[in-house]
K.L.:
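A single structure is presented below for examination.
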Amino acid sequence: ETVVNRIAAGEVVQRPANGLKEMIENCLDAKATQIQVTVKQGGMKLLQIQDNGTGILKEDLGLVCERFATSKLREFEDLASVATYGFRGEALASISHVAHLTLTTRTKDDKCAWKVSYCDGKMTGPPKPSAGNQGTQIAVEDLFYNVATRRRALKSPGEEHAKIAEVVGRYAVHNAQVGFTLKKQGDTSINIRTPPASTTLDNIRTIYGPSVAKELMEFACEDTKLRFKAEGYISNVNYSVKKCTFLLFINHRLVDCTALRKAIETIYASYLPKSCHPFLYLSLEMAPEQLDVNVHPTKHEVHFLHQDAVVEKIQQAVEAKLMGSNV
Ligand code: ADP
Ligand code: MG
């Protein structure tokens with residue numbers, strides 16, 4: 001039973017950066033304006049995330065790591081959007097099967113914070129009163145301590161840290177209203193820091209550097225018949241970085257869409273010399289029922305309705321923008 005749970009959990013989480021992505025989304029769902037990430041050994045020893053969001057009611061703490069228990073059904077009554085947004089209550093449950101999970105939380109009406117640990121989906125004891133401000137802190141320690149195959153599949157701490165930084169950076173660009181920090185535990189220097197109430201472009205500048213930000217053009221494209229809207233920033237054709245950097249959010253979730261990526265790379269290939277690669281940040285919004293509900297929400301690759309038509313439309317808009325930029 002537990003072994004099966006562990007294997008399933010390992011498929012949901014896979015590596016520290018995946019777990020962190022889920023936890024960042026939880027902070028955003030809880031309306032945090034400040035999210036602080038602290039890691040040790042690329043998140044393998046410690047992956048800690050602190051937010052100043054709503055916190056969790058003490059009486060709900062027993063359910064937090066229960067599989068398929070989500071508090072978000074109350075807010076998202078439409079079942080299709082629950083499935084597609086990834087609100088299925090699997091993330092923390094999975095993590096609790098493959099790591100030591102400790103949670104400290106305080107709502108605005110609590111007189112103190114409450115601290116509780118979880119193992120295999122259950123609280124290991126009753127919540128204990130604790131110090132802490134409003135919001136939630138989750139500490140994940142010794143990820144995959146009980147799944148040797150997963151542990152062996154991890155890269156070096158440096159590489160895992162880089163994947164974590166990539167996730168934090170991308171969410172910071174997409175959520176400029178929220179302040180993000182990333183640091184290594186015990187280090188005085190901060191890896192990433194974006195202020196709350198920032199702008200997308202300022203955060204791109206902070207995270208990817210001024211030379212990237214300088215070359216960007218605003219991008220927008222919309223089709224009422226296909227029922228989607230896309231906006232963001234794209235490189236103009238003078239641009240060059242070491243590899244293509246493509247930040248894609250669909251309905252505010254960080255995803256991959258190979259078809260769209262390839263379509264965009266094709267366009268740039270005809271404008272850029274081989275050694276030049278573009279930077280793009282796109283935020284797509286579409287009706288939740290248009291997203292494929294059969295793809296597991298924690299998997300990054302997405303599919304959606306009228307995908308070919310939507311991809312073509314965006315491809316044309318990118319090309320039009322590049323032609324308009326007149327090089
Ligand atoms: P889901 O996000 O799909 O509901 P998760 O496993 O990611 O499932 O989280 C389980 C539940 O724990 C959430 O529904 C929410 O009630 C609570 N929760 C998790 N993280 C936070 C947080 N940072 N702030 C407030 N509540 C949280
Ligand atoms: Mg979640």
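Heads up: numbering here begins at 1 and tracks the sequence. Numbering of ligands and ligand atoms starts at 1, following listing order.
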K.L.:
Between Arg253 and Glu22, is there a side-chain N and carboxylate O pair less than 4.0 Å apart?
P.N.:
yes
K.L.:
Using 4.0 Å as the upper bound for N to carboxylate O, is an ion pair formed by Lys45 and Glu141?
P.N.:
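Lys45 and Glu141: not salt-bridged.
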K.L.:
Which of the atoms of ligand 1 are close to Ala91, meaning less than 4.0 Å from one of its heavy atoms?
P.N.:
6 (O), 7 (O)
K.L.:
Could you check whether Phe249 and Tyr171 have their ring centres less than 6.0 Å apart?
P.N.:
yes
K.L.:
Testing the 3.5 Å rule here: is there a donor-acceptor pair between the side chains of His174 and Asn203?
P.N.:
no
K.L.:
Between Met23 and the Mg ion (ligand 2), is there a contact where an N/O/S atom of the residue lies under 2.8 Å from the metal?
P.N.:
no
K.L.:
Taking only heavy atoms of Ala30 into account, list the atoms of ligand 1 that are under 4.0 Å away from them.
P.N.:
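Per the distance check, 24 (N), 25 (C).
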K.L.:
Counting only nitrogen or oxygen atoms and a 3.5 angstrom limit, does Leu92 reach ligand 1?
P.N.:
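By distance alone, the answer is yes.
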K.L.:
Atom 20 (N) of ligand 1: which of Leu57, Asn26, Thr136 has the nearest heavy atom?
P.N.:
Asn26
K.L.:
Who gets closest to atom 22 (C) of ligand 1 by heavy atom: Asp51, Thr107, Leu61, Ile49?
P.N.:
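Comparing heavy atoms across Asp51, Thr107, Leu61, Ile49, the nearest one to atom 22 (C) of ligand 1 lies in Asp51.
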K.L.:
Between Lys163 and Glu159, is a salt bridge (Lys or Arg N to Asp or Glu O under 4.0 Å) present by the stated rule, with each step listed?
P.N.:
CA-CA 6 Å; Lys163 289 182 194 297; Glu159 284 168 285; over 6 Å; no
K.L.:
Could you tell me whether ligand 1 has any atom less than 4.0 Å away from a heavy atom of Gly89?
P.N.:
yes
